[in-house]
Amino acid sequence: MPPDQARKAHTLVDSTSPNLLEKTFDYDLPPKIRFDGPLVEYIDGQRVEFDPNSVKTRDIFITDTTFRDGQQARPPYTIEQMVHIYDLLGQLSGPNGVVRQTEFFLYTKNDRETLDRCRALGHKYPECTGWIRAVKGDFRLVKEAGLKETGMLTSCSDYHIFNKQKFKSRKECMDSYCEVVAAAFEAGIRPRCHLEDATRADWDGFVLPFVDRLMRMSEQVPEERSVKIRICDTMGFGLHYPGVELPRSVPKIIYKLNRECGVPSQRLEWHGHNDFHRVLANGATAWLYGCDSLNGTLFGFGERTGNPPLEGAIIEYISLKHDLCGIRTEVITELADYMRSLDFPIAINYPFVGKQFNTTSAGIHAGGLRQDERIYNIFNTAKLLNRPPRVSLTDKTGSDGVVLWVNEFFGLKGRDRINKIKCHKLARWVMDQYEVHHRITAISDQEMEAQVRELMPEYWEKYKGAQT
Amino acid sequence: MASVLDRVIQVTARVLRLDPAEIKPEHSFTADLGAESVQSIELVAMFEEEFGIEMDEDAALSVQSVGTAAEFIEGVCKQQGVAV
């Protein structure tokens, strides 16, 4: 339709009560992602529709690579640390196994001991899988570890085939990969072929013929050993927008593998990198277009700019499913606290877990929070993440922020809340820090606590007296 | 005994550090007398202390001028049985 024909008049729907759009913004869940039509992509000149609501019924899931890709970007974890993280992942995952698998290196004695101790915890999920080079001899390690599945590198761009691995031709490369896949089958192990650098590869010339061959090979083995495909957006070149051409189009990549090559959705996995800030959008797009598995790492920590953040994928999952699906979201906070205790850097404004992800310092926002926390809090972060919204106190916070801080500190709700008038001395102290003493830093919780004790002794005695 | 208005003017002068003689009943606390956000709260707190009353926060903070404040406080005193 030409732009001028799309114009129409819009009439005010007057109301004296608010419409808070709670069908989407149910405060006790992350906001629901709701679709009102199909996704449309033009592929090879043909209009193709995708039903985005299929994610609500499909068994989409998350896989973890914190111990593999995540560990390629930091000093190694100790065995104890990995076992503890694995235990928390198991708790987070819930009974439906939303975090379905996690992969381990298998090369050192420590790698193998970690794997054994994680499995000894008895969690059904995440299932432990391996990660090896595409070398036939490495299947011995997988077999000895008693694993059913392993990832293996099958890099597919010419950057890797010719410039890195020095194959003389694409055929030589494909034959070599297929030999290793055949060795996996012989060893009774399910190979998960990692199509490294897929978003910079020649899809028609190499990737699709290679996957066709893998599918033919898979016909010779039982379903539980058939090849899985991990699509690796190694450099973060993937794009989620409709209308983008291959090899960068996430929708077209999934379509080609799923519908042209016939790789079932449950055997497709998206593994991305964040070099262009697109990592989670690309991963969720893969879910929408027919790939069931999204691979991520805790807090997105991985090679260079990292991978899809697993906790972000969890929130996206709930938003798409409109349900918690048994996920224990509060464990995300526990994982972040544990990672921080290991000096793992998490930016203070990092979504869902940063120290200040739901902290406001603007007085006008603090005022809104005081009236109704939904105004400036993304969802019920106290319930889902054990993180009530907070205010950071500066000269911009105003008395509303001071009151919010005090009530949160004393844990007061509803009619028990202390009003602004009773906090006037504290509000004055905060303002004087900046106006009189020319302070340029935020006021810490410890400083506020000391001032509450001194300036509001009757409330301190009432609410904290018994504890001190 | 000083009137409610006189006492309101005295408290206002003390909190905003002004000469009581310059404060008129029609003066707006914010526009004319320059009260900032925290000072508005301090004013309400000091009125409560001066008259021995408790005021509804939102109602008290919505009062704009000195004269209206005196009337408002007089009403609260009557409700709470405080002689003025």
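What's counted below: heavy atoms across the whole structure, side chains too, no hydrogens, waters or symmetry copies. What you see is a predicted model, and the numbers here were worked out from it, not measured in a lab.
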J.: If the contact rule is any heavy atom under 4.5 Å from chain A, which residues of residues 59-80 of chain B qualify, in numerical order?
T.: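 Listed by number: B/Leu61.
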
J.: Return the CZ to CD distance between A/Arg417 and B/Glu57, rounded to the nearest 0.5 Å.
T.: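 Between A/Arg417 CZ and B/Glu57 CD, I get 10.5 Å after rounding to 0.5 Å.
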
J.: Let me confirm one number: the CG-CD1 distance from A/Asn419 to B/Ile41, rounded to the nearest 0.5 Å.
T.: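 Between atom CG of A/Asn419 and atom CD1 of B/Ile41 there are 9.5 Å.
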
J.: Between A/Lys425 and chain B, which part of the residue has a heavy atom less than 4.5 Å away: side chain, backbone, both or neither?
T.: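 For A/Lys425, neither part sits under 4.5 Å from chain B.
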
J.: Only counting residues at least two apart or in another chain, list the ones meeting salt bridge (charged side-chain N to carboxylate O under 4.0 Å, His left out) with A/Asp337.
T.: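 Scan of A/Asp337 (salt bridge (charged side-chain N to carboxylate O under 4.0 Å, His left out), adjacent residues dropped) gives A/Arg340.
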
J.: Taking side chain as everything from C-beta outward and backbone as N, CA, C, O, which of these in B/Met55 sits under 4.5 Å from a heavy atom of chain A? Side chain, backbone, both or neither.
T.: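 When you check distances to chain A, only backbone atoms of B/Met55 fall under 4.5 Å.
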
J.: Let me confirm one number: the CG-CD1 distance from B/Leu43 to A/Ile421, rounded to the nearest 0.5 Å.
T.: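 B/Leu43 CG to A/Ile421 CD1: 11.0 Å, rounded to 0.5 Å.
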
J.: Roughly how far apart are A/Lys420 NZ and B/Asp58 CG, rounded to 0.5 Å?
T.: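 Nearest 0.5 Å value for the NZ-CG distance: 7.5 Å.
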
J.: Do other residues, nucleotides or ligands put more than 12 heavy atoms under 6.0 Å from B/Glu49 CD?
T.: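 Check fails, neighbour count at 12 or below.
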
J.: Please round to the nearest 0.5 Å and tell me the distance separating atom CD of B/Glu42 and atom CE of A/Met431.
T.: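 Reported value, rounded in 0.5 Å steps: 10.0 Å.
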
J.: Nearest 0.5 Å, what's the NZ-CD distance between A/Lys422 and B/Glu48?
T.: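 Here the rounded value is 4.5 Å.
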
J.: For atom NE2 of A/His437, is the number of surrounding heavy atoms from other residues, nucleotides or ligands below 6.0 Å larger than 12?
T.: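 Yes, enclosed.
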
